[in-house]
Number of protein chains: 2
Amino acid sequence: MRNRSVTYSAEATFHALSDPTRRAVLDLLRKGAQPAGQIAGAFPVSRPAISKHLRQLRQARLVIEHRRGRHRFYQLNAEPLKAVDSWLERYRSFWQANLANLKAFVEEEYARETGREPGKK
Amino acid sequence: MRNRSVTYSAEATFHALSDPTRRAVLDLLRKGAQPAGQIAGAFPVSRPAISKHLRQLRQARLVIEHRRGRHRFYQLNAEPLKAVDSWLERYRSFWQANLANLKAFVEEEYARETGREPGKK
DNA sequence: TAAACGTGTAACCGTATAGTTACGCATTAT
DNA sequence: ATAATGCGTAACTATACGGTTACACGTTTA
């Protein structure tokens with residue numbers, strides 16, 4: 001994908017969530033708002049690295065920044081996750097279906113494509 | 001993240017979902033299994049590009065391949081999406097909370113950090 | 001058996017990404 | 001005032017990623 005400066009909300013959200021460190025930051029913020037430095041302290045990478053992750057999370061509106069003196073508190077904003085949830089919604093019915101009829105499924109499809117009896121050469 | 005050859009299931013799944021084309025492929029497969037070429041035909045990119053996306057989806061176990069003659073059918077396997085769903089689960093309570101008490105939240109945190117009365121210098 | 005088909009892989013390219021160190025700039029403390 | 005603190009940004013590096021074209025290989029058709 002050439003153009004990553006996307007604004008489609010779901011896209012931005014999925015992209016932000018693709019990084020394990022960013023997901024861990026969100027997990028951390030479930031405990032409550034924290035200043036940037038404290039967040040960084042929880043990870044084995046440098047403070048600037050976390051700062052950049054926070055920027056991405058900010059741009060995806062998954063966190064909200066509040067300045068207070070020289071601190072910048074980051075607060076979780078879970079609202080964009082709704083988009084992920086509703087995307088998942090379409091799959092809920094699928095992940096319960098067992099794979100028993102999988103073979104039949106595929107063969108039916110094959111038959112449709114070729115106009116043949118499934119199983120025949 | 002330097003090492004992308006991860007096997008942690010949730011990680012692989014989130015990563016696979018980070019690309020809009022791959023998500024669209026999954027959406028397409030909800031209609032039923034389809035041969036690779038037919039999937040590729042639904043997208044504006046080249047067939048090899050889709051072939052690589054399919055490989056990633058396969059490695060994330062989000063699709064299952066079935067060979068039949070010279071066709072390779074791809075079948076949706078939504079099971080790994082459970083991991084995403086359970087990750088999201090932790091946030092459900094958050095995305096309903098309105099932002100009314102946000103200020104209080106932050107100031108409380110500030111007080112905790114500094115040992116001061118919120119609002120005082 | 002030879003041609004056509006369906007599909008994956010290799011090699012390559014340009015951009016995005018995550019990380020690092022060095023630095024700048026407010027804000028608070030001395 | 002000056003120093004220390006908290007944090008973002010710039011510049012740079014290495015690698016991952018998505019896309020393309022060329023090709024290989026098994027399967028089906030003629």
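Below, read A as the first sequence line, B as the second, and so on, with proteins coming before strands; counting in each chain starts at 1.
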Output yes when at least one side-chain N/O atom of [X] is less than 4.0 Å from OP1 or OP2 of [N], else no.
X: H71(B); N: dC5(C); answer: no
X: H53(B); N: dC17(D); answer: no
X: Y74(A); N: dG8(D); answer: yes
X: R22(A); N: dA18(C); answer: yes
X: H15(B); N: dC17(D); answer: yes

Subject >> Under 3.5 Å donor-acceptor, R72(B) side chain and A36(B) backbone >> reply: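 The answer is no, because no donor-acceptor pair under 3.5 Å joins these two groups.
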
Subject >> Donor-acceptor contact below 3.5 Å, side chain Y91(B) vs main chain R30(A) >> reply: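 Checked: no pair found.
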
Atom [atom1] of [X] and atom [atom2] of [N]: how far apart are they, to the nearest Å?
X: H66(A); N: dG8(D); atom1: NE2; atom2: C1'; value: 18 Å
X: R70(B); N: dG6(C); atom1: CZ; atom2: P; value: 5 Å
X: D19(A); N: dC17(D); atom1: CG; atom2: C1'; value: 14 Å
X: F73(A); N: dT5(D); atom1: CZ; atom2: P; value: 17 Å
X: E65(A); N: dC7(D); atom1: CD; atom2: P; value: 10 Å
X: E11(A); N: dG18(D); atom1: CD; atom2: C1'; value: 13 Å
X: I39(A); N: dG8(D); atom1: CD1; atom2: C1'; value: 13 Å
X: R72(B); N: dG26(D); atom1: CZ; atom2: C1'; value: 9 Å

Roughly how far, to the nearest 0.5 Å, is the [atom2] atom of [Y] from the [atom1] atom of [X]?
X: I64(B); Y: E79(B); atom1: CD1; atom2: CD; value: 9.5 Å
X: R90(A); Y: L26(B); atom1: CZ; atom2: CG; value: 10.0 Å
X: Y74(A); Y: L28(A); atom1: OH; atom2: CG; value: 13.5 Å

Nearest heavy atoms of [X] and [Y], plus distance in Å:
X: A60(B); Y: P80(B); value: O-CG, 3.6 Å
X: R23(A); Y: L17(A); value: NH1-O, 2.7 Å
X: L29(B); Y: Q34(B); value: CD2-N, 4.1 Å

Original post:
Think R67(A) forms a cation-pi with F73(A), using NZ or CZ under 6.0 Å from the six-ring centre and within 45 degrees of its axis?
Top reply: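 No.
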
Subject >> Donor-acceptor pair present, K52(B) side chain and dG19(D) base, under 3.5 Å >> reply: yes

Original post:
Base, sugar-phosphate, or nothing: which does R67(B) touch, judged by heavy atoms less than 4.0 Å apart?
Top reply: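 It contacts nothing in the nucleic acid.
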
**OP:** Identify, residue by residue, the members of residues 54-62 of chain A with a heavy atom below 4.0 Å from DNA chain D, and return them in order of residue number, or none.
**Re:**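 Contacts with DNA chain D under 4.0 Å: R55(A).
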
Subject >> Sub-4.0 Å heavy-atom contacts from residues 43-50 of chain A onto DNA chain D, ordered by number >> reply: R47(A), P48(A)

Ignoring hydrogens and angles, write down the donor-acceptor pairs under 3.5 Å from the side chains of residues 43-53 of chain A, residues two or more places apart or on other chains.
{"residue": "S46(A)", "atom": "OG", "partner": "A49(A)", "partner atom": "N", "Å": "3.4"}
{"residue": "H53(A)", "atom": "ND1", "partner": "R22(A)", "partner atom": "NH1", "Å": "3.1"}

